[in-house]
A.B. asks: 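Attaching a single structure in structure tokens format; questions to follow.
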Amino acid sequence: MDIQATLKDTISSILKEKYAIEDAKTDLSATRAEFAGDLTLLVFPFVRASKKKPEDTAKEIGEALLEKIPDVVCGFNVVKGFLNIEISKNIIADEFDKAYSTEMFGYIAPNKDEKAIMVEYSSPNTNKPLHLGHIRNNLLGYSVARLLEASGKKVIKTQIINDRGIHICKSMLAWKLFGNGETPENTGEKGDHLVGKYYVEFDKAYKKEIDELKGKGMSEEDAKKNAPLIIQAQKMLKAWEEKDPEVRALWEMMNTWVYGGFKQTYERLGVAFDKNYYESNTYLLGKDNVNEGLEKGVFYRRADGSVWIDLTPDGLDEKLVLRGDGTSVYITQDIGTAISRFKEFNIDSLIYTVGNEQDYHFKVLFLILKKLGYQWADRLYHLSYGMVDLPTGKMKSREGTVVDADDLMDDMVRTAREISEELGKLDGMSSQEKDSLYNMIGMGALKYFILKVDPKKRMMFNPKESIDFNGNTGPFIQYTYARIQSIKRKYGDLPKEAVKIGTLDPREENIIKNIANFPSVIQKAAAAQSPAQVANYVYDLVKEYNSYYQNVPMLSAEDENVKTFRVQLSDMVGRVIKNAMATMGIDVPERM
RNA sequence: GCUUGGGUAGCUCAGUUGGAUAGAGCAGCAGUUUCCUAAACUGUUGGUCGCGGGUUCGACUCCCGCCUCGAGCACCA
């Protein structure tokens with residue numbers, strides 16, 4: 001049983017006996033460094049019942065604690081209404097023993113009997129390569145999935161690939177018209193980049209046509225509708241829907257190119273999926289569900305045949321769910337897809353990782369599913385995140401002004417290489433090992449930089465200045481890990497059981513207390529779907545450890561027992577670093 | 001206009017269910033390598049927590065109003 005729970009129980013019973021307070025909220029927090037003690041209880045909420053001054057109330061509770069659990073509490077002090085409780089040193093040492101002997105400390109093995117959580121992320125379009133926005137999406141989604149797994153949940157990772165629609169036809173058409181038979185094979189270009197190039201080409205040619213039509217006196221609106229290229233693209237979409245063999249063959253060929261490119265990008269990013277959905281298979285889903293809802297009276301039909309839901313009683317608007325001609329809109333297939341997912345996988349809940357520009361869409365979607373009577377609608381979550389801003393302005397993939405995912409990763413790895421070579425600590429490593437290390441560091445920097453920020457926030461990304469390898473960064477944490485591994489190598493084989501030493505250095509106590517918190521950090525971060533909480537936790541731990549490392553001798557400690565203990569403590573910090581970073585998909589190196 | 005998310009140091013960000021003197025990194029300044037990896041450590045400069053009210057023993061945190069930046073308000077996805 002952990003200390004906090006013991007303390008809370010005891011405090012509750014004291015409050016009951018002395019002041020007749022039932023079910024009191026006992027807030028225990030870590031005592032601030034400026035004060036003596038380990039855990040602090042706020043007694044303000046109890047003064048009304050105790051009818052005593054805060055100081056006296058705190059003193060009374062403190063004395064009762066000493067009397068009741070003298071093996072846990074060894075002292076206390078009172079500052080105003082704050083009761084600072086001192087925990088017995090033995091207990092702190094026990095905490096360390098427990099952590100040290102726990103395999104995969106902080107993680108809980110998934111419960112096989114529980115239903116899984118499905119996490120959807122990435123969801124790319126097959127007309128262009130992945131960009132910076134996708135990187136935030138992928139890292140967040142993947143990391144939340146890992147975090148949930150660490151917290152003991154079963155997880156199914158999925159993506160829905162938007163492989164159909166007018167935007168896909170645009171790049172197909174442009175390739176057909178201007179492509180000259182270019183392929184990834186004959187150009188050596190990555191498939192998704194090649195296709196993306198033609199998406200940009202389409203937009204250029206389309207704009208030119210619009211300008212020409214406007215020159216002839218047509219309004220901008222009409223010009224956009226009547227430009228020959230857009231008409232052709234629409235024709236192509238129709239042909240695709242009618243399964244025209246030629247269009248389908250072109251579509252499949254170009255999509256295959258794109259998937260080849262995505263595969264590489266995903267591998268570099270270190271993300272993966274258990275199940276892929278393709279919009280070309282799901283875009284007709286949902287119509288039956290709409291009809292059912294129509295019968296139930298959830299939806300209503302207008303005179304023109306279109307189907308709507310009135311959400312104004314819920315403070316939202318009226319929303320179209322089926323067009324007058326019976327064809328679907330976006331939300332129709334989302335309704336159908338969600339229902340089929342719960343059916344097919346018998347999942348408990350579903351998390352959508354999608355940018356915050358779709359907040360409203362998901363609010364509406366979840367509400368519709370609830371009104372259709374699905375109990376699980378309460379367990380649908382939109383993992384919403386803010387845009388990534390650039391100093392130069394907005395990214396526009398149509399115009400090709402994006403930070404490409406592959407380019408960015410190249411930059412990061414190159415920077416890692418430059419810094420590593422300058423520092424020159426890697427003698428004796430093969431060039432292959434070095435490459436994999438540069439990759440680990442560059443990707444670690446990128447992932448940590450993005451994940452440490454609260455998802456809700458927009459974030460500024462300045463490719464030149466933002467990425468730092470010093471301070472609160474991935475490489476800072478990786479570096480600490482590498483130093484710990486070096487110490488372990490020099491020490492040799494460590495005893496499996498944690499050794500006991502007489503007195504702990506205050507820094508050691510703090511580090512142990514921090515380590516002991518790790519499991520609850522994982523649980524809280526998973527519940528909040530926030531990798532940022534893990535990032536901040538591990539940063540604090542590392543900072544504390546580095547200060548300890550710099551000021552306390554380890555291998556050169558005089559007492560053999562103390563030496564072993566310090567290396568074991570370091571080892572434990574390393575294990576926590578590794579497990580924490582793993583939830584963010586970040587690897588840690590043996591040396592750097 | 002309505003809905004929604006931000007606004008904390010020069011910059012990028014933390015800040016737990018309201019708690020003690022609001023914290024980090026970067027940048028700036030000043031230091032630390034005969035010693036376990038200096039991608040580190042130590043010290044220091046820098047704040048009207050957007051503004052104004054309210055609730056409370058206590059407010060960056062909760063409530064109301066305002067200012068400001070962004071996003072969403074399609075028979076697009």
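All chains are named by letter (A, B, ...) in the order of the sequence lines, taking the proteins before the strands, and each is independently numbered beginning at 1.
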A.B. asks: Can you tell me which nucleotide in B:rU4, B:rA20, B:rU42 comes closest to the side chain of A:Thr40?
C.D. replies: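 Among the listed nucleotides, the one closest to the side chain of A:Thr40 is B:rA20.
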A.B. asks: Under 30°, 30 to 60°, or over 60°: which ring-plane class applies to A:Phe476 and A:Tyr539, parallel, tilted or perpendicular?
C.D. replies: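 Answer is tilted, since the angle falls between 30° and 60°.
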A.B. asks: Among B:rC41, B:rU37, B:rC75, which is the nearest nucleotide to the side chain of A:Ser486?
C.D. replies: B:rU37
A.B. asks: Check every atom of B:rU37, B:rA39, B:rG23 against the side chain of A:Arg32 and return the nucleotide holding the closest atom.
C.D. replies: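 In terms of side-chain proximity for A:Arg32, the closest of B:rU37, B:rA39, B:rG23 is B:rG23.
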A.B. asks: The side chain of A:Val329 lies closest to which of these nucleotides: B:rU37, B:rA77, B:rG25?
C.D. replies: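 Within the option list, the nearest is B:rA77.
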A.B. asks: If the P atom of B:rA39 is compared with that of B:rC35, how far apart are they to the nearest Å?
C.D. replies: 15 Å
A.B. asks: So which nucleotide does B:rU48 pair with, by the Watson-Crick or G-U wobble rule with both distances under 3.5 Å?
C.D. replies: none
A.B. asks: Can you figure out which of B:rU4, B:rC36, B:rA71 approaches the side chain of A:Leu555 most closely?
C.D. replies: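 Looking only at heavy atoms from C-beta outward on A:Leu555, the closest nucleotide is B:rC36.
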A.B. asks: Any idea which of B:rC75, B:rU3, B:rU37 is nearest the A:Leu320 side chain?
C.D. replies: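 Between B:rC75, B:rU3, B:rU37, the one nearest the side chain of A:Leu320 would be B:rC75.
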A.B. asks: Rounded to whole Å, please give me the gap between CG in A:Asn536 and P in B:rG25.
C.D. replies: 13 Å
A.B. asks: From C-beta outward on A:Leu42, which listed nucleotide comes closest to its side chain: B:rA39, B:rG19, B:rC75?
C.D. replies: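 The closest nucleotide is B:rG19.
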A.B. asks: Consider the side chain of A:Lys457, meaning its heavy atoms from C-beta on, and name the nucleotide among B:rA40, B:rG6, B:rU37 that approaches it most closely.
C.D. replies: B:rG6
A.B. asks: Hey, what's the ring geometry for A:Trp240 with A:Tyr283, parallel, tilted or perpendicular (30° and 60° as the breaks)?
C.D. replies: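 A:Trp240 vs A:Tyr283 ring planes: tilted.
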A.B. asks: Figure out the CD/C1' separation between A:Gln550 and B:rG31, and round it to whole Å.
C.D. replies: 13 Å
A.B. asks: Is there a stack between A:Phe44 and B:rG58, judged by ring centres under 5.5 Å and planes under 30°?
C.D. replies: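 Answer is no, no stack.
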A.B. asks: Taking syn as within 90° of 0 and anti otherwise, name the glycosidic form of B:rU8.
C.D. replies: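 With its glycosidic angle more than 90° from zero, B:rU8 counts as anti.
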A.B. asks: Is a side-chain N or O of A:Gln568 found less than 3.5 angstrom from the main chain of A:Val499, in a donor-acceptor match?
C.D. replies: yes
A.B. asks: Using Watson-Crick or G-U wobble geometry with both distances under 3.5 Å, which nucleotide pairs with B:rU4?
C.D. replies: B:rG70
A.B. asks: Out of B:rA39, B:rG70, B:rC13, which has the shortest distance to the side chain of A:Arg458?
C.D. replies: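 Closest nucleotide among those given: B:rG70.
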A.B. asks: Quick test of the criterion, 5.5 Å between centres and less than 30° between planes. Is A:Phe82 stacked on B:rA20 or not?
C.D. replies: yes
A.B. asks: Across all strands shown, which nucleotide pairs with B:rU17 by Watson-Crick or G-U wobble geometry, both distances under 3.5 Å?
C.D. replies: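 Partner of B:rU17: none found under 3.5 Å.
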A.B. asks: Counting only Watson-Crick pairs (N1-N3 plus N6-O4 or O6-N4) and G-U wobbles (N1-O2, O6-N3), all under 3.5 Å, who is the partner of B:rC60?
C.D. replies: none
A.B. asks: Under 4.0 Å between a side-chain N/O of A:Tyr479 and OP1 or OP2 of B:rA39, yes or no?
C.D. replies: yes
A.B. asks: Hey, is A:Lys225 close enough to A:Asp222 for a salt bridge, meaning N to O under 4.0 Å?
C.D. replies: no
A.B. asks: Roughly how many Å apart are B:rG54 and B:rG18, using the C1' atom of each and rounding to a whole number?
C.D. replies: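 Rounded to whole Å, the distance is 15 Å.
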A.B. asks: Does the structure show a Watson-Crick or G-U wobble partner for B:rG43, both distances under 3.5 Å? Name it, or say none.
C.D. replies: B:rC29
A.B. asks: Starting at atom CG of A:Asn546, determine the distance to atom P of B:rU37, rounded to an integer number of angstrom.
C.D. replies: 13 Å
A.B. asks: Choosing from B:rA71, B:rU4, B:rA39, which nucleotide comes nearest the side chain of A:Leu423?
C.D. replies: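 From the listed options, B:rA39 comes nearest.
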A.B. asks: Has the side chain of A:Ser547 got a donor or acceptor atom sitting under 3.5 Å from an opposite partner on the base of B:rA40?
C.D. replies: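 Counting by modelled atom types and ignoring angles, no donor-acceptor contact under 3.5 Å is found here.
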